[in-house]
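A quick write-up on the structure given underneath.
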Amino acid sequence: MTDTHDQFRGLIVTAHPDPQSATAATARAVADGFRDGGFAVVDQYDIVADGFDATFRIDDLAAYRDGDSPLPEEVRAQQLRLEQYDALAIVFPVYWWTLPGALKGWIDRVFTRGWAYNDRGPEVELAAPKRLYFFGIGATDAATYREHGYLDGMQAQLVDGLAGYMGAEDSELVLLYDGESRHQEKHEAREEAARTAAAVIARRAGRSEDAA
């Protein structure tokens, strides 16, 4: 959307019914990190609070099958919202080693052919933001994710699969831990880690923009 790093706009996306949750606190930390790293504007948006229906319906299917069928109005409104930003950060609690249903359904509906990706015909200019970051919050510790290969699986699905298929200029999965800990210091450590990682991402975006 913008041409220079000092004008970068970032959007933090969540889908959580509890505004006092670990997810909400982590999202605020990511927003702070983006600002620390130089993003000029950072906003937050929660799908659940907005009332967006993440259920994929017959009109979504019609638009997918036939490029001439119009997108549902609420889907196009979401796309227009996202087009105002250079970078998206999706902050989520890990459900069954992936995104919660509301976020997955939001992506299914909103990240449409011809807007987020193109797998037909000649090249088209895609309007979706090309910097896409995932901040997952695991309930347990890092050892569990490494031992069973869950981290590699999530990386393949979200970064290599989703963002890669979109042709994202930059994407990363930041996996955070101890989301269900009863110890406040662990929540504080997670939030600090999220803020630090977001600042690094923002600075990296600035360096790549300067190099261009």
Parallel, tilted or perpendicular, as decided by the 30° and 60° cut-offs, for the rings of W106 and F111: perpendicular
Cation over ring face, R109 and F56, 6.0 Å, 45°: no
Closest heavy-atom pair and its distance - G136, L173: N-CD1, 4.4 Å
Student check: side-chain heavy atoms of L176 and E191 closer than 4.5 Å: no
Hydrophobic cluster membership, V94 vs Y150, 4.5 Å side-chain cutoff: yes
Flag if over 12 foreign heavy atoms under 6.0 Å of CD, E74: yes
Evaluation steps, side chain to side chain contact (heavy atoms under 4.5 Å, CB included), between F135 and I201: CA-CA 12 Å; F135 288 77; I201 286 170; 3.9 Å; yes
Spatial distance of atom CG (D108) from atom CG (D60) [nearest 0.5 Å]: 9.0 Å
Basic-acidic side-chain contact under 4.0 Å: D43, R81: no
Hphob cluster co-occupancy, V48 + V30, side-chain heavy atoms under 4.5 angstrom: no
CG-CG distance between L162 and L99, expressed to the nearest 0.5 angstrom: 7.5 Å
Joint cluster assignment, I90 & W97, ILVMFWY side-chain distance < 4.5 Å: yes
Side chain proximity check, R195 to D36, heavy atoms < 4.5 angstrom: yes
Spacing of CZ belonging to R146 relative to CG belonging to D141, to within rounding of 0.5 Å: 8.0 Å
Heavy atoms of other groups near K104 NZ, more than 12 under 6.0 Å: no
Geometric class of the Y117/Y165 ring pair [parallel <30°, tilted 30-60°, perpendicular >60°]: tilted
Least distance between heavy atoms, E172 atom then V174 atom: OE2-CG2, 3.7 Å
Distance in Å, T14 OG1 paired with D50 CG, rounded so as to fall on 0.5 Å steps: 10.5 Å
Residue among E185, Q184, R190, H183 satisfying side chain to side chain donor-acceptor pair (under 3.5 Å) with H187: R190
Donor-acceptor pair, side chain of D46 and main chain of A49, under 3.5 angstrom: yes
Side chain to side chain contact (heavy atoms under 4.5 Å, CB included) assessment of Q155 paired with D160: CA-CA 7 Å; Q155 173 80 20; D160 303 333; 4.1 Å; yes
Taking every non-hydrogen atom, the tightest pair across A116 and L126: O-CD1, 3.6 Å
N/O donor-acceptor pair under 3.5 Å between D53 side chain and T55 backbone: yes
Side chain to side chain contact (heavy atoms under 4.5 Å, CB included) evaluation trace for R204 with D170: CA-CA 9 Å; R204 183 174 71 218; D170 189 29; 3.0 Å; yes
Donor-acceptor contact below 3.5 Å, side chain Q79 vs main chain V110: yes
D86 (side chain) donor-acceptor with R9 (main chain) under 3.5 angstrom: yes
Any Y85 side-chain heavy atom under 4.5 Å of Y45 side chain: no
Verdict with reasoning, W115 to L82, per side chain to side chain contact (heavy atoms under 4.5 Å, CB included): CA-CA 11 Å; W115 185 81; L82 299 183; 3.7 Å; yes
Same apolar cluster (I L V M F W Y, side chains within < 4.5 Å links), F134/V200: no
From I107 atom CD1 to L158 atom CG, the distance as rounded to the nearest 0.5 Å: 7.5 Å
Spacing of CD belonging to E192 relative to CG belonging to D32, to within rounding of 0.5 Å: 9.5 Å
Within one Ile-Leu-Val-Met-Phe-Trp-Tyr cluster: M154 and V159, side-chain cutoff 4.5 Å: yes
